[in-house]
Amino acid sequence: MRQTRLRGRVVTPEGVVDDGLVVVSGGAVVYAGESAAAGTAEQQTGGTPGQDRAAVEAPPGGFVIAGPVDVHNHGGGGASFAGADPEAFSRAAAHHLGRGTTSVVASVVADAPEAMLAAVSAGADAAERDGVVAVHLEGPFLAGARCGAQDPRHLRPPDPGLTRELLAAGRGRVRVMTLAPELAGADEVVRVLLDEGVVPAVGHTEADAELVRRTLAGVRRELGRPGLVTHLFNAMPPLHHRRAGPVAGALRAAAAGDARVELVADGVHLEDETVAMVFELLGPERVVLVTDAMAAAGMPDGHYDLGPRGVRVVDGVARLGDDGPLAGGTAHLLDVVRQCVGAGVDAAAAVTAATRTPAEALGIDVGTLRPGANADLVVTDAALRPTGVMRGAGWVEPEDFRS
């Protein structure tokens, strides 16, 4: 059986191994650790002298990391996770794969029910073709005052029946749904989600801190793993010392182990100091780095769509109109990791928050370099720019890589 051996600074669950080795065989990681243990690794993998093998060296100072997992992504490369065409979903996911994100969750924005059902079904089709790994419903049960770039015409009161229809259209692929817990009937929707094993995420909300904490604690108790907070700080009231609101509730819930918080740490949605503060308060096991990317990711400035809404991108920043709210991101997940490192976050912590932590949030077996894990990984240079991407032991063509 063909074996691939990769050397570089390896980020493992235990930390960074400066002179590391990763061994891949049969589509799985069979060893990740010190390169000095190469002989032992060969014995562990059942290797024999003369076996068919390939060797890959990271650039000087470069890393070998688990494949990043983006749990909040609306598209890229000019294609959106919207509409009824699964090929568009696959194109968007392939764009991010070529930039180093090996697992992409298709985030569907609030729209008319029939449009959302069609998009969720297309996302499930793309997942069955190995284009995306899951579907995230960002709406339509969101607070109108905190809709952000979501179309307020398509926000609806929480509806358990529509929730069941959306989950059925997803055929088991819907893993996360964002909703505002303060809306009447939200608890009934949360019950439907938990019964189906879907993670309720708190977001686009004006809930008070106590309700946020109570909701997330209930998710952890019922689901057996922490809930999720959709893009912390964005689309919610700012933290105030007399009105703590959802930010304080989310931070306390995460500190208690009841939640993981998303950060769109692209240098636009959040100031670097804010990102560094959250990492220092919570640690990478409770932070999920996301892009909130939309169709303009990797594309020139211009006009694009985010679901039913038009978006203008100027200098890489996506907004509704000229001075409207931010309308998603244009970065790739490794760009976000580099931004975090530039903000002073430890490289291993930033990588963990983009790999193992989001994978655990979804409950999928990727995002870590340990024996038995899927062979989704990325080789980078010292600046964490991808130089090689492997997904399921197959290499993505090098010409797909861009900084």
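Count residues from 1 along the sequence.
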- Query: For atom CZ of Arg225, is the number of surrounding heavy atoms from other residues, nucleotides or ligands below 6.0 Å larger than 12?
  - Reply: yes

- Note on the structure: Interatomic distance, CD@Gln339 vs NE2@His269, rounded to 0.5 Å, equals 12.5 Å

Would you say [X] and [Y] make side-chain contact, with heavy atoms under 4.5 Å?
| X | Y | answer |
| --- | --- | --- |
| Leu228 | Val176 | yes |
| Glu128 | Arg173 | yes |
| Thr387 | Pro59 | yes |
| Leu306 | Val109 | yes |

- For side-chain contact (heavy atoms from CB on, under 4.5 Å), just list the numbers for Leu193 and Val199, CA-CA rounded to whole Å, side-chain angles, deciding distance to a tenth of an Å, and then say yes or no. CA-CA 7 Å; Leu193 298 174; Val199 180; over 6 Å; no

Taking [X] first and then [Y], would you say they form a salt bridge - that is, a charged N and a carboxylate O separated by under 4.0 Å?
| X | Y | answer |
| --- | --- | --- |
| Arg129 | Glu87 | yes |
| Arg260 | Glu360 | yes |
| Arg213 | Asp258 | no |
| Asp19 | Arg7 | yes |
| Arg191 | Asp195 | yes |

- For Val378 and Val64, what are the C-alpha separation, side-chain angles and deciding distance, and is it a side-chain contact (heavy atoms from CB on, under 4.5 Å)? CA-CA 6 Å; Val378 179; Val64 181; over 6 Å; no

- Task: Verify the distance criterion only: is there a donor paired with an acceptor across the side chains of Thr101 and Asp70 at less than 3.5 Å?
- Result: no

- Task: Evaluate the criterion side-chain contact (heavy atoms from CB on, under 4.5 Å) for residue pair Leu377 and Ile65; output intermediate values, then yes/no.
- Result: CA-CA 6 Å; Leu377 55 84; Ile65 66 173; over 6 Å; no

Is it true that a side-chain atom of [X] and a backbone atom of [Y] form a donor plus acceptor pair closer than 3.5 Å?
| X | Y | result |
| --- | --- | --- |
| His332 | Asp335 | no |
| Thr330 | Gly316 | yes |
| Asp381 | Arg385 | yes |
| Arg338 | Leu384 | yes |

- Can you spot which of Thr205, Asp208, Val229, Leu232 makes a side-chain contact (heavy atoms from CB on, under 4.5 Å) with Pro246? Thr205

- Task: Could you walk me through whether Leu369 and Val10 pass the side-chain contact (heavy atoms from CB on, under 4.5 Å) test, one step at a time?
- Result: CA-CA 9 Å; Leu369 296 179; Val10 176; 3.8 Å; yes

- Task: May I ask you to check whether His72 and His136 place their ring centres under 6.0 Å from each other?
- Result: yes

- When His74 is tested against each of Asp292, Thr291, Asp305 for side-chain hydrogen bond (donor to acceptor under 3.5 Å, both in side chains), which residue passes? Asp292

